[in-house]
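In listed order, ligands and their atoms are each counted from 1.
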Amino acid sequence: MPDAVGAIDQGTTSTRFIVFDRRGIILAQAQREHEQIFPRPGWVEHDPREIWRNTHAVMREGLARAGLEPRDLAAVGITNQRETALLWDRRTGEPLHHALVWQDTRTDRHVAALARDGGRDRFRAVTGLPLASYFSASKLAWLLDHVEGARALAEDGTALFGTIDSWLVWNLTGGPDGGLHVTDVTNASRTQLMSLETLEWDDAMLGVFRIPRAVLPKIVSSGGVCGETRAPFPGVPVGGILGDQQAALFGQTCFSAGEAKNTYGTGCFALMNTGPEPVASTAGLVTTVAYKIDGHPPAYALEGSIAITGALVQWLRDNLGLIGASGEIEGLARSVEDNGGVYVVPAFSGLYAPHWRDDARGLIIGLTRYANKGHIARACLEATAYQTREVLEAMERDSGCPIAELRCDGGMTVNDLLMQFQADILDRPTLRPKVSETTALGAAYAAGLATGFWKTLEDLRDNWAVDKRWHPRIAAEERRALFAGWGRAVERSFGWVEENA
Ligand SMILES: Nc1ncnc2c1ncn2[C@@H]1O[C@H](COP(=O)(O)OP(=O)(O)OP(=O)(O)O)[C@@H](O)[C@H]1O
Ligand SMILES: [Mg+2]
């Protein structure tokens, strides 16, 4: 009897394989980072072959560390960085180009041109999304237009498009030798090519972005068995595919309308389950599919997507050299008492929710002779908390549901200063669950449900427990003044990129 479930968590910076037991506890894991390729300012690429090699390796390592055989796994679930887009040749499995990563802004002008004719929100009613270079459609259009021969190969069905989930499933299930070309509804909902009502590719959207239908994967549910592995080991059911942020919502067991979480990783992504009908946003959020389990209606979500949070910590480390490791930011930030008037707006890829400004760029403001690197470190951590407050306020406006306390997860939640400041600036408690790897856990849950390893959502809820809670401590006036400073800084980041530059 299999007594474990595996999950592949293919993230922006690394690939993990985590093996969970029936109580949702981690038995073993393996992780590998991959290269971030920055060919020009604003361009971000990954090598899909490296991602598949790493996936292959971590699956073998993780399973070995758990002391298990493939037959001990009831299923493998997949969760992935969303929106990142690639094309590959179905005959050889070779990518036609590096993957264009979600943060890549090379399609700004294409997107701005579409917005001139009908506004940035012209496709919200169908797709739930504003026009932004963030989503996959313009990236796929770029590949079709700029990679020699790609459009012809796409039209005759030789080239395949996928987000990273599709790329992994295809490789896991045989690659050129019968690999399945599928994507799940949550990933498809991030392309801006799928209708939120029908959960199918939308012909009008395909027309807008000039996408041939033959290149697209089949859309499947997030919780359903779609095939069986052939690599790196054979015979394990593949089921449970969710974009990483939807997976974290699922892993936090936010199964009821009104339940919300915020994941602090490369970026921050707050999602609220809004139940079986999509809720339109007027406050600058995105409407997206939360998950669809086979045999059940879909669940939708409102999402506040923030591009840069943990990535700002990495930038302090890799580009400025102010710290040697991400974890050192807390000590540096604690070397000062407050931000000293300094704000950092990390609009490296423009600003996403709730502003949606492709023309914003990053800034550090409020500098005086008094400011030192401690203030900058503190301002970088605070930027995460301010951005989170912006999207949570938008979420409460759009949903009409107050959020009494915030369920947090992701790599940055080990930072005590950040979690305390988050509670302070929100004026609400923040809390972290015992298993903070909720992204992988969500994919494992979906895969385990699909194969009957877990029977009901209630079984999963029983696994959830709080690790730590932070309560707000600062005075109302201090909170107001800090957040007002942030608002002024954000306004100054707008309009930096000139449209025809
Ligand atoms: N102690 C810390 N304080 C602040 N940030 C931290 C700390 N430790 C890690 N981080 C940041 O957390 C992020 C990693 O978190 P996590 O592993 O959840 O990221 P992720 O978004 O899942 O990565 P990926 O995008 O690859 O999926 C990195 O950006 C890192 O800089
Ligand atoms: Mg992640």
Quiz item: Is there a donor-acceptor contact under 3.5 Å from the side chain of Ser326 to the main chain of Val313?
Solution: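 It does not hold such a pair.
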Can any side-chain N or O of Gln420 pair as donor or acceptor with the backbone N or O of His471 at less than 3.5 Å?
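Side chain of Gln420 to backbone of His471: a pair is present.
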Taking a 3.5 Å cut-off between nitrogen or oxygen atoms, can you list every pair linking ligand 1 to the protein, with distances?
residue	atom	partner	partner atom	Å
ligand 1	3 (N)	Asn415	ND2	2.9
ligand 1	15 (O)	Gly411	N	3.4
ligand 1	17 (O)	Arg16	NH2	2.6
ligand 1	18 (O)	Gly411	N	2.7
ligand 1	21 (O)	Thr266	N	2.8
ligand 1	21 (O)	Thr266	OG1	3.2
ligand 1	23 (O)	Thr13	OG1	3.4
ligand 1	25 (O)	Thr12	N	3.2
ligand 1	25 (O)	Thr12	OG1	3.2
ligand 1	25 (O)	Thr266	OG1	2.5
ligand 1	26 (O)	Thr12	N	2.9
ligand 1	26 (O)	Thr13	N	2.6
ligand 1	26 (O)	Thr13	OG1	2.6
ligand 1	26 (O)	Ser14	N	3.3
ligand 1	29 (O)	Gly310	O	3.0
ligand 1	31 (O)	Gly310	O	3.2
ligand 1	31 (O)	Ser326	OG	2.9

Can a cation-pi geometry be assigned to [X] and [Y], taking NZ or CZ under 6.0 Å from the six-membered ring centre and within 45° of the ring axis?
| X | Y | value |
| --- | --- | --- |
| Arg488 | Tyr343 | no |
| Arg106 | Trp43 | yes |
| Arg407 | Trp464 | yes |

- request: Kindly state each residue pair satisfying ring-ring contact (aromatic ring centres under 6.0 Å, His included) with at least one member in residues 411-433, sequence neighbours excluded.
  value: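 As it turns out, the ring-ring contact (aromatic ring centres under 6.0 Å, His included) pairs with a partner in residues 411-433, which skip direct neighbours, are Tyr386-Phe421.
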